[in-house]
Amino acid sequence: MQYGFNFQMRIKATIIGLILGGLVLYASSEICSSNNNEIPLSLLEARVEVPEIEERIDCHPDPHVNRERCEGRGCIYEELEEEGAPWCYYPSGSGYRLVGEPVETQDGYLAHLVRVDRDSTVESPDSDSHDEIWVQVFMQNNERLRILFSAAEPDFEVPIVIPSEGRKPANPLYDVAFTSDPSFGIRVYRRDSGELVLDTSLPGFEHGKYYKSLPIRFPEGSNLYGWGENEQYTLAHDMNWHTYGLYGRDQPPDKETNMYGTHPRLTLLDKNGDASGILFLNSAAQELSVTPMPGAIYRTIGGLLDIYIFLGPGPEQVVQQYTKAIGRTPVPPYWALGFHLCRYGYNNISNMQAARNRMVEYGIPQDAQWGDIDIMERQLDFTIDPVNFNGLSSYVDELKEENVRFVTILDPCISIGEPNCTYRPFDLGEQYGVWVHNPDGSPFIGRVWPNDPVYFPDYSNPRTHDWWKVLIREFYDLIKFDGLWIDMNEPANFVAGDLNKGCVDNKLNFPDYTPHIRIDKEENSLSDKTMCPDAVQHKGSHYYLHNMFGWFQSKPTLDAVKEATGKRGLVLSRSTYVGSGNWVAHWLGDNFSNWANLKNSIIGMLQFNQFGIPFVGADICGFIGDTNAELCARWQQLGAFYPFSRNHNALGTIEQDPGVFGEEVARITVEALTIRYALLPYLYTLFYQHYLEGGTVARPVWHEFPRDENTWTIDEQFMWGKALMISPVLEEGAVSRNIYLSPETRWYAVSDLFDIDKIDEEEQLGWIEFPAPSDVIPIHMRGGAAVTVQQPGLTTVESRKGEMGLIFALDENFESAGHLFYDDGEELNSVDEALYLQSEYTFAEYEINYDVLNNGWAPAGDLRITSITVLGLRSQVAAILVNGEEFDHSYQNLEKGNFIIYLLNLPINSSFNIKLGIV
């Protein structure tokens, strides 16, 4: 809902008594100056407290600051040598103050605020600033708090509903306090420890229609994570004056530049190891400036200032609470967890077939072949090139016979240059009336890949959903795809604004303040490489909807894929927003073929798991530029542990499918993917657990060890769930790497997952140097965890027929536990209709118990557990009882502490018990 005039009248009626009885009057003295009425710096300093450098809030974040502009805003100007520190900063006490006291409501508090010392001589970054506003605090549930600022006039509200329980929760994890001196602020504390979560009682709070700025203080000694989509070089933010803009853009990684998606989401880890999450639910152009206070200044140029706080306190609990609010990723089709191959630049079907043939030649697992825009006829959506890709439909049928799926690409825009009644996407779009318009009512015209100009469909319009789904279903009749890839949906545009009209000079196209976003044009326009912000869409102006363009396109695309295929399907989207994980996977965009992008891809993968999009990966071996054999081999090793694993590169670069480099790279790739395919039952179970509980699939090490401060800045290692830690080699020429093993648990080196005699328990913990020659990716299993493995094949179809095994890694109490989720891998409603197998298995007191919790998938009876491996068992096993009967097929390596029972024949859909007799 939008809060309009009538709503504010009700607020005023509620607190009128407080206004009359407690209104604070502020006096201001007039200070003269011979220099255009400037306030001398010395006098300002005499009447205000000057904050320390690290606590200064930038009063002039826009460029070209000088003394005159700074002091014209009523702020203090001081040139500094410290890089990044603001030269223009707010004096203490600026911002807003409370009128009376906050009013208690059914589910929180309501407060009325007025601006401090506001007069006509003081400028603002926004000429539409508000002199009075209201703040509402909604105690939505025990773990979630919402803080909403609003003015009398309506403002855009993101169409994502995060419901409240409607009453104050019984046992909230937080307390809320209000401050009024020297300026208004809200402080949130942890109820159990009293530790600060955040504090907004800082100078510099601004609230206008087109500029809002909220400074926030974080607890001393805390670490900050998140905020995307940008390329970030460290997972824990460097707090020394960095600014990250968010505005969807067709932009490869380039320092801290805004890229494809918009996720104004932060995770805070305090010095005690307690985590909290912060979401700024806003879709306009925005930015975050981090400061060494430690703190941050949030700025947006439109829409509601709407903040959600998630109290954890565990890092995984924060993600669970966040995804409960914004939605979770459904269990993906099983085949989508296999290895995918693509490139932009096959150019013809023969080259695509040659790449696939190399995969077969070297025995490299592959589950999906992809098509990029070069398979289209003249880059027209919903077409196949009849010359260069003649016979593609038949080839796709052949791939399916080999159990390899096909995924292809669609761009969001439609060519307008085809002869009348010859191009159905355009003709049907005209009939449905689906286009984005200019304010004068004419369709907005841009240019992207087709030879002719394009119209932009308005995916915020329900009619556009119907049009889009009709075209996708008809496209399936042309080529039997298994998933779709929606690209260029920031939306990208090869010209700035309308092709013929550009963008008119108004407040939306050229706002008073533009966040720190990448702009190639000197005029500093939001329309660079995209549409004009004043373009008209069904849900509002593009100014507010730009960052949600791909979000609006995602659901109808997945719906159409499901309708066309009758299966779950896969949709991969380049541009994403809060909640996109409900429908799509994501890749990290047009990365570069270099070692830096190899390393930084881990950070992006971990961030998107925190953002609620766990099915994520980067283009393996890099997209832009030529890779090389060593880089590609190491990237194939890392990419084998991306949740979404795809090799993809650009037009004009060398071929980089793993078979093209010959025997050595092919062998390394096979070994890495063989481990991935063996672990697919575990990975699949992690996605089920995400859908059920909302946590991450790939996660930072500190998510599992938040009390171990050595883990807080680790971003070159990561976890798969609780059980596995992957530590890829990220440096050219390296044959070993430094790895951190938290002393909070036991660790087992399982890089060679298939040879029990090569699995070792690590005796030294903390930082160790681990050998990693070219064919080794360091993998460790955590004590207390257990995983399901399956004999791998060259496709998931083959793998799903293989023998299964359980691996228990014992903790210091000689215990271990794990889970398994398994179904047919494609059924649309298997979870909702309980058409799946779910089991849990434990090792404790030398006894293994496997318990079936749900037996809803009949074919599970055809699958057998044939081996059970126990790591860390240093007692001699003298006898084995399987369901009460003696069993004698086992092997033990006492020196390494490993034990295996083999030649079992236990259906995975039947509970069983195994007891070990220990000498």
Side-chain angles (χ1 to χ4, degrees), residues 51-58 85 92 95 137 139 142-147 172-179 181-205 213-227 232 234-244 264-280 288-298 307-319 321-322 607 610 700-715:
E52 297 295 328
I53 291 177
E54 64 271 14
E55 297 198 349
R56 295 178 182 179
I57 307 301
D58 196 345
S92 178
V137 174
M139 302 172 69
N142 287 326
E143 301 85 23
R144 186 172 73 235
L145 179 71
R146 181 189 186 190
I147 304 173
L173 299 178
Y174 50 86
D175 283 320
V176 180
F178 298 86
T179 66
D181 185 24
S183 59
F184 168 79
I186 296 176
R187 291 173 180 159
V188 179
Y189 299 91
R190 292 194 180 278
R191 175 166 285 192
D192 58 352
S193 66
E195 183 73 30
L196 178 72
V197 175
L198 59 81
D199 175 10
T200 72
S201 59
L202 296 164
F205 175 34
S213 174
L214 182 69
I216 303 173
R217 183 192 302 274
F218 299 130
E220 190 68 32
S222 58
N223 280 280
L224 188 68
Y225 309 84
W227 195 263
Q232 295 174 20
T234 57
L235 184 62
H237 279 289
D238 175 359
M239 302 298 287
N240 291 307
W241 312 106
H242 292 273
T243 296
Y244 304 89
R265 154 86 163 86
L266 297 168
T267 302
L268 187 70
L269 187 70
D270 69 23
K271 64 180 183 294
N272 301 316
D274 288 330
S276 55
I278 307 170
L279 167 66
F280 300 90
L288 188 81
S289 294
V290 297
T291 76
M293 189 167 20
I297 304 101
Y298 173 77
I307 305 165
Y308 291 81
I309 304 168
F310 306 87
L311 272 296
E316 282 297 300
Q317 289 175 299
V318 169
V319 180
Q321 293 158 11
Y322 177 67
Q607 285 181 334
Q610 292 177 330
V701 177
W702 61 265
H703 270 225
E704 288 303 311
F705 306 99
R707 310 293 184 198
D708 182 351
E709 62 183 78
N710 289 306
T711 68
W712 294 352
T713 57
I714 290 176
D715 51 24

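The chain is numbered in sequence order, starting from 1. No hydrogens, no waters, no symmetry mates; every other heavy atom, side chains included, goes into these values.
Smallest separation of non-hydrogen atoms from Ala275 and Gly314: CB-C, 4.1 Å. Nearest heavy-atom pair across Glu195 and Pro219 is OE2-CB, 3.7 Å. When all heavy atoms of Asn223 and Ala236 are compared, the closest pair comes out as OD1-CB, 3.9 Å. Nearest heavy atoms, Ala85 versus Ile53: CB-CG2, 3.9 Å. In plain terms, the two heavy atoms of Thr711 and Phe705 that are nearest each other are OG1-O, 3.0 Å.
Between His237 and Pro294, the closest side-chain pair of non-hydrogen atoms is not below 4.5 Å. When side chains are defined from C-beta on, Leu235 counts as touching Trp702, because their heavy atoms get closer than 4.5 Å. Within the 4.5 Å cutoff, the side chain of Leu198 has no heavy atoms near those of the Leu268 side chain. Glu55 is listed as a side-chain neighbour of Arg217, based on a closest heavy-atom distance under 4.5 Å. The shortest side-chain heavy-atom distance between Phe218 and Met293 does not fall under the 4.5 Å cut-off. Two residues are said to be in side-chain contact when any heavy atoms from C-beta on lie closer than 4.5 Å; Thr200 and Phe205 fail this criterion. Using a 4.5 Å heavy-atom threshold, the side chains of Thr267 and Pro315 count as separate.
At least one donor-acceptor pair under 3.5 Å links the side chain of Tyr225 to the backbone N or O of Trp712. No donor-acceptor distance shorter than 3.5 angstrom exists from the side chain of Tyr174 to the backbone of Phe310, with no hydrogens or angles considered. A donor-acceptor pair under 3.5 Å is absent between the side-chain atoms of Ser289 and the main chain of Ile297, judged by distance alone. Distance alone, capped at 3.5 Å, is enough to place a donor-acceptor pair between the Thr179 side chain and the Gly185 backbone. Using a distance-only test at 3.5 Å, with no hydrogens or angles considered, a donor-acceptor pair links the side chain of Gln321 to the main chain of Gly312.
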Legend entry - Intermediate values then yes/no, side-chain contact (heavy atoms from CB on, under 4.5 Å), Ile147 and Ile309: CA-CA 8 Å; Ile147 304 173; Ile309 304 168; 3.9 Å; yes

Inset, instruction - Check step by step if side-chain contact (heavy atoms from CB on, under 4.5 Å) holds for Gln610 and His703. - result: CA-CA 10 Å; Gln610 292 177 330; His703 270 225; 3.1 Å; yes

Inset, instruction - Might you work through the side-chain contact (heavy atoms from CB on, under 4.5 Å) test for Leu145 and Met139, ending with a clear yes or no? - result: CA-CA 5 Å; Leu145 179 71; Met139 302 172 69; 4.1 Å; yes

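Separating the CG atom in Asp270 from the CZ atom in Arg190 is a distance of 6.0 Å, to the nearest 0.5 Å. Atoms OG1 and CE, from Thr291 and Met239 in turn, are 6.0 Å apart once rounded to the nearest 0.5 Å. Put simply, CD on Glu54 and CG on Asn240 are 10.5 Å apart, with the number rounded to the nearest 0.5 Å.
For Asp274, the side-chain hydrogen bond (donor to acceptor under 3.5 Å, both in side chains) criterion is met by Arg707, not counting sequence neighbours. Applying the side-chain hydrogen bond (donor to acceptor under 3.5 Å, both in side chains) test to Trp241 and every residue at least two apart in sequence or in another chain returns Glu82. With sequence neighbours excluded, the residues forming a side-chain hydrogen bond (donor to acceptor under 3.5 Å, both in side chains) with Arg191 are Asp175, listed by chain and number. Partners of Arg265 by salt bridge (Lys or Arg N to Asp or Glu O under 4.0 Å), not counting sequence neighbours: none found. Every residue meeting the side-chain hydrogen bond (donor to acceptor under 3.5 Å, both in side chains) condition with Gln607, not counting sequence neighbours, appears here in chain and number order: Gln232. Taking Phe184 as the reference, nothing meets the ring pair (Phe, Tyr, Trp, His ring centres under 6.0 Å) condition, with sequence neighbours excluded.
Side-chain atoms of Arg187 and Ser201 include a donor-acceptor pair closer than 3.5 Å.
Screening Ile216, Thr243, Leu266 against Leu288 for a side chain to side chain contact (heavy atoms under 4.5 Å, CB included) leaves a single residue, Leu266.
Relative ring orientation between Tyr298 and Trp227 is described as perpendicular, the plane-to-plane angle rising above 60° on a 0-90° scale split at 30° and 60°.
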